[in-house]
Amino acid sequence: PGPGPAADRLAAPDASSVAPLVRRPVFGYTLSDAHRRHLHPLMARAIWSGAISFGLVNVPVKLYSAVSRKTVRFNQINSATMQRVKQLRVDAESGEEVPYDQIVKGFELAPERFVVITPAELDSLDPEQTRSIDILDFVGLDEIDPIYYDHPYYLAPAPGASKPYGLLRDAMAEAGKVGIAKVVLRSKESLVAIRPAGRLLTLETMLYADEVVPPETIDDLPDAKASAPAARELEMARQLVESLTTTFEAEKYHDEYRERVLELIERKASGEEITVEAPAPAPPKAPDLMAALEASIKAAKARSGGGDGDG
């Protein structure tokens, strides 16, 4: 299904991590500590166990998700009754609700022409449910375009497997290589990349080549000649990049929108009346590219305490 209203597109990290509003004296309803507990998740639990297989070597491992989503979830409710809205499956023609046992999967060959595929037929195509991460190749990390990465996981050694696990991790780190492998997760065969990261190995599910949209198909692909900058413009752009260059610190960046949403919820829950402010006017466009570059460099230097400079 396609995306619903904006409220529906804000997905939750985990229903169990969000507690109901609690009553507090004088201040009315407010968010409990459990609402924010997901900012510091509890100890992770393994979601899969198996073994990394390369050559004749097997390394028993456990798989952990490396992501804990922190976005906020809203429920759809009836504004007149303040009750949840229930979604029903209905026949597009008759408008009547369809019992679950009458719903089948159909692939549309042409408008309103379907071929029905049964669960048994799909099950017969499922990959064999092995517990093996089969390494197919080792490649250089810089050979993989990050656009192919999908979802990150941690791989930890199973009990008693620390030595072979450390051997594989350190050998890959010294060689500067990444293992390309296949593994069956949740009945789906996935292409994955395994790489060393400190004391752990990480596993990233990957997109297949035919799932990545070729850049040549983009309508607004810039023309090489038309987009070629003048030497002075390129130098100014390089100065701007250098003035904004720093060391990457993940903790420096925050989901400010999520923080504003949680603040809004807490203010409304405490009884505050919210006045929606008009959106800020768009900043005026710079008269030309060079003027925009010069102004940006001055602003970056002022922010870093480097003085105004002359560009």
Side-chain angles (χ1 to χ4, degrees), residues 1-23 28-39 41-42 45 47-48 65 67-127 129 150-151 153 184-190 205 207-208 210-211 213 255 257-274 276 279:
D8 293 329
R9 295 199 296 271
L10 294 170
D14 191 306
S16 63
S17 67
V18 180
L21 296 176
V22 294
R23 171 69 73 176
Y29 286 104
T30 186
L31 296 182
S32 70
D33 292 338
H35 279 85
R36 301 180 186 273
R37 188 181 300 153
H38 62 276
L39 297 176
L42 302 176
R45 294 182 179 180
I47 59 176
W48 183 91
S65 178
V67 173
S68 175
R69 300 293 181 187
K70 300 295 190 297
T71 44
V72 184
R73 179 178 181 178
F74 291 96
N75 293 293
Q76 288 187 324
I77 57 175
N78 184 339
S79 62
T81 64
M82 298 304 290
Q83 297 299 313
R84 293 174 186 261
V85 174
K86 183 189 297 185
Q87 294 185 336
L88 302 176
R89 296 178 175 87
V90 298
D91 187 295
E93 184 173 323
S94 69
E96 296 180 357
E97 185 176 357
V98 181
Y100 184 77
D101 59 5
Q102 291 185 21
I103 298 176
V104 296
K105 294 180 183 290
F107 185 88
E108 191 171 31
L109 299 174
E112 301 306 316
R113 184 186 172 196
F114 301 91
V115 57
V116 173
I117 306 295
T118 68
E121 290 168 335
L122 285 177
D123 290 344
S124 69
L125 303 178
D126 280 349
Q129 291 282 0
D150 187 20
H151 189 93
Y153 296 88
V184 178
L185 299 173
R186 301 185 182 91
S187 300
K188 179 181 182 294
E189 186 177 62
S190 296
T205 56
L207 302 173
Y208 287 101
D210 60 357
E211 295 180 299
V213 176
D255 186 342
Y257 174 71
R258 183 187 75 232
E259 292 171 355
R260 291 196 299 269
V261 170
L262 288 173
E263 180 186 3
L264 173 64
I265 293 171
E266 188 157 350
R267 289 167 59 194
K268 294 203 71 172
S270 65
E272 181 179 340
E273 185 173 341
I274 304 298
V276 179

Residue pair Ile47 / Ser65: nearest heavy atoms and the distance that separates them: CD1-N, 4.1 Å
Spatial distance of atom CD (Glu96) from atom CG (Leu88) [nearest 0.5 Å]: 12.5 Å
Spacing of Arg267 atom CZ and Ile274 atom CD1 [to the nearest 0.5 Å]: 3.5 Å
Student check: side-chain heavy atoms of Leu262 and Lys70 closer than 4.5 Å: no
Non-hydrogen side-chain atoms of Thr71 and Tyr257 separated by less than 4.5 Å: no
Heavy-atom closest contact (Trp48 atom, Val184 atom, distance): NE1-O, 3.8 Å
Interatomic spacing from CG in Leu185 to NE2 in His151 - rounded to 0.5 Å: 10.0 Å
Minimal non-hydrogen separation, Tyr153 against Arg186, with atom names: OH-NH1, 3.7 Å
Flag if over 12 foreign heavy atoms under 6.0 Å of OH, Tyr100: no
For Val85 against Asn78, the heavy-atom pair lying closest together: CG2-N, 3.7 Å
Any residue meeting side-chain hydrogen bond (donor to acceptor under 3.5 Å, both in side chains) with Arg84, in chain and number order, not counting sequence neighbours: Asn75
Contacts of Asp255 that satisfy salt bridge (Lys or Arg N to Asp or Glu O under 4.0 Å) - sequence neighbours left out: Arg258
Side-chain donor-acceptor contacts of residues 102-124 below 3.5 Å, not counting sequence neighbours, with atom names and distances?
unit_1: Glu108; atom_1: OE2; unit_2: Glu112; atom_2: N; d: 3.1
unit_1: Thr118; atom_1: OG1; unit_2: Glu121; atom_2: N; d: 3.2
unit_1: Thr118; atom_1: OG1; unit_2: Glu121; atom_2: OE1; d: 3.3
unit_1: Glu121; atom_1: OE1; unit_2: Thr118; atom_2: N; d: 2.9
unit_1: Ser124; atom_1: OG; unit_2: Glu121; atom_2: O; d: 2.6

